Amino acid sequence: MAFDYDLDYENLDLRKHPELYRVGKGEQGVLLVQPYKNEILPHWRFKTPAIAQESCDKISEMFEEYREKDDFVGMDMARKFIQMGYTRARRYTNYKGGRKYNEDGSIKERQIDPEKAESAAIFKKRWDEIREDEDYLKRKKEHQKKYG
């Protein structure tokens, strides 16, 4: 089922109401779902490979803490931030300042930034590990079956 953008996320604690959480596609809702957004966002960085590694390690640690607490929503939100670390770092790899389009709407020419590419690779490696994590996949399937 698609991510539900109609919920009042500013006033909704999805730790208390996991039944309202929908996985959605990709990174949908990553900057909405509370309290996870406020817990994870302060650690999400990718400016340099060292910063990206520290960020990815911390968010991965949070993913495991959510797993220990049997908190699938937290696990999935950590996964989304890791995925977003990859996708945003890739955007900054290809386009200086992260802006893909010129003011007239045309696509800018790519300018590869090797440092951002390395940051992206750090997040990509962990994201790939999560996508193959059998326990995570089992919990995801159970959540979707139970709640949609």
Side-chain angles (χ1 to χ4, degrees), residues 1-101 105 107-108 110 113 115-148:
M1 182 177 256
F3 187 83
D4 185 354
Y5 284 100
D6 293 329
L7 297 175
D8 179 13
Y9 288 101
E10 287 185 30
N11 298 303
L12 181 60
D13 181 336
L14 282 165
R15 180 171 286 127
K16 293 179 182 173
H17 297 284
E19 72 279 4
L20 297 176
Y21 179 75
R22 300 297 178 267
V23 173
K25 291 183 180 180
E27 304 159 19
Q28 287 183 321
V30 70
L31 297 176
L32 295 174
V33 176
Q34 295 290 8
Y36 307 100
K37 172 192 159 191
N38 287 348
E39 293 171 359
I40 303 169
L41 184 60
H43 306 288
W44 181 71
R45 302 283 181 268
F46 58 88
K47 187 173 185 174
T48 67
I51 290 170
Q53 187 66 63
E54 182 180 335
S55 174
C56 189
D57 289 347
K58 177 60 180 174
I59 296 170
S60 294
E61 180 183 303
M62 296 174 83
F63 177 89
E64 295 303 332
E65 289 170 2
Y66 293 131
R67 184 195 314 260
E68 288 172 17
K69 294 175 183 171
D70 196 28
D71 183 347
F72 170 75
V73 178
M75 289 175 70
D76 199 50
M77 289 301 295
R79 185 267 310 161
K80 287 182 181 198
F81 272 95
I82 288 169
Q83 181 177 350
M84 190 169 68
Y86 166 67
T87 59
R88 295 308 183 278
R90 281 303 314 165
R91 166 132 345 137
Y92 280 80
T93 295
N94 296 331
Y95 305 102
K96 187 172 180 155
R99 301 200 193 296
K100 184 175 180 178
Y101 298 97
I107 295 178
K108 290 183 176 183
R110 288 185 178 193
D113 179 337
E115 188 173 54
K116 293 293 187 294
E118 192 177 336
S119 293
I122 289 165
F123 281 101
K124 176 75 163 68
K125 180 178 184 290
R126 181 64 180 128
W127 179 36
D128 287 345
E129 292 168 359
I130 290 172
R131 291 190 301 179
E132 295 175 8
D133 183 308
E134 290 183 22
D135 178 60
Y136 164 77
L137 295 172
K138 178 179 155 231
R139 291 171 190 249
K140 178 180 172 183
K141 186 176 273 190
E142 288 171 359
H143 185 88
Q144 290 173 316
K145 185 176 181 180
K146 189 172 182 180
Y147 301 122

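Because the structure is a prediction, the values reported are computed rather than measured.
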Derivation and outcome, ring-ring contact (aromatic ring centres under 6.0 Å, His included), residues Tyr92 and Phe46: CA-CA 10 Å; Tyr92 280 80; Phe46 58 88; 5.5 Å; yes

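- Between Lys138 and Glu134 no salt bridge is recorded (no basic side-chain N to carboxylate O distance below 4.0 Å).
- Under the side chain to side chain contact (heavy atoms under 4.5 Å, CB included) criterion, Leu20 pairs with Leu7, Leu12, Leu14, His17, sequence neighbours left out.
- Legend: residues meeting side chain to side chain contact (heavy atoms under 4.5 Å, CB included) with Ala117, ordered by chain and number and at least two apart, are Arg90, Thr93.
- At a threshold of 4.5 Å between non-hydrogen side-chain atoms, the residues Arg15 and Glu39 count as touching.
- Put simply, the side chain of Asp133 reaches to within 4.5 Å of the side chain of Phe63, judged on heavy atoms.
- How far NZ of Lys116 is from CZ of Arg88: 14.5 Å, rounded to the nearest 0.5 Å.
- Considering only residues two or more places apart in sequence or on other chains, Tyr9 meets the side chain to side chain donor-acceptor pair (under 3.5 Å) condition with none of them.
- Every residue two or more places apart in sequence or in another chain was checked for a salt bridge (Lys or Arg N to Asp or Glu O under 4.0 Å) with Lys47, and none qualifies.
- Across all non-hydrogen atoms, the minimal contact from Glu27 to Thr87 is OE2-OG1, 2.6 Å.
- With rounding to the nearest 0.5 angstrom, the CD atom of Gln83 is 4.0 Å from the CH2 atom of Trp127.
- Partners of Lys80 by side chain to side chain donor-acceptor pair (under 3.5 Å), not counting sequence neighbours, listed by chain and number: Tyr21.
- Residues meeting the side chain to side chain donor-acceptor pair (under 3.5 Å) test with Tyr36, sequence neighbours left out: Asp71.
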Report the C-alpha separation of Lys125 and Glu129 in whole Å, then their side-chain angles, then the decisive distance to 0.1 Å, and conclude whether the salt bridge (Lys or Arg N to Asp or Glu O under 4.0 Å) test is met. CA-CA 6 Å; Lys125 180 178 184 290; Glu129 292 168 359; 3.0 Å; yes

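- From Thr48, atom OG1 reaches atom CD of Glu115 across 5.5 Å, with rounding to the nearest 0.5 Å.
- Under the rule for a side chain to side chain donor-acceptor pair (under 3.5 Å), Arg91 has no partner lying at least two apart in sequence or in another chain.
- Counting heavy atoms from C-beta outward, Val73 and His143 have side chains that approach closer than 4.5 Å.
- Under the 4.5 Å side-chain criterion, counting only non-hydrogen atoms from C-beta, Val33 is in contact with Phe3.
- Residues satisfying the salt bridge (Lys or Arg N to Asp or Glu O under 4.0 Å) test with Asp135, not counting sequence neighbours, are Arg67, Arg139.
- Here the CG atom belonging to Asp13 is positioned 8.5 Å from the CD atom belonging to Gln34, to the nearest 0.5 angstrom.
- Judged as a salt bridge (Lys or Arg N to Asp or Glu O under 4.0 Å), and not counting sequence neighbours, Glu118 has no contacts.
- Separating the CZ atom in Phe72 from the CZ atom in Arg79 is a distance of 7.5 Å, to the nearest 0.5 Å.
- Annotation: side chain to side chain contact (heavy atoms under 4.5 Å, CB included) contacts of Asn11 (sequence neighbours excluded): Asp8.
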Show me the donor-acceptor pairs, under 3.5 Å and distance only, between side chains in residues 51-62 and residues at least two apart or in other chains.
{"unit_1": "Gln53", "atom_1": "NE2", "unit_2": "Asp57", "atom_2": "OD1", "d": "2.8"}
{"unit_1": "Ser55", "atom_1": "OG", "unit_2": "His43", "atom_2": "O", "d": "2.6"}
{"unit_1": "Ser55", "atom_1": "OG", "unit_2": "Arg45", "atom_2": "N", "d": "3.0"}
{"unit_1": "Ser55", "atom_1": "OG", "unit_2": "Arg45", "atom_2": "O", "d": "3.4"}
{"unit_1": "Lys58", "atom_1": "NZ", "unit_2": "Glu61", "atom_2": "OE2", "d": "3.4"}
{"unit_1": "Ser60", "atom_1": "OG", "unit_2": "Cys56", "atom_2": "O", "d": "2.8"}
{"unit_1": "Ser60", "atom_1": "OG", "unit_2": "Arg126", "atom_2": "NE", "d": "2.9"}

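- The side chain to side chain contact (heavy atoms under 4.5 Å, CB included) check on Lys108 picks up Tyr95, Arg99, Asn102, with sequence neighbours excluded.
- Using a 4.5 Å heavy-atom threshold, the side chains of Tyr66 and Ile40 count as touching.
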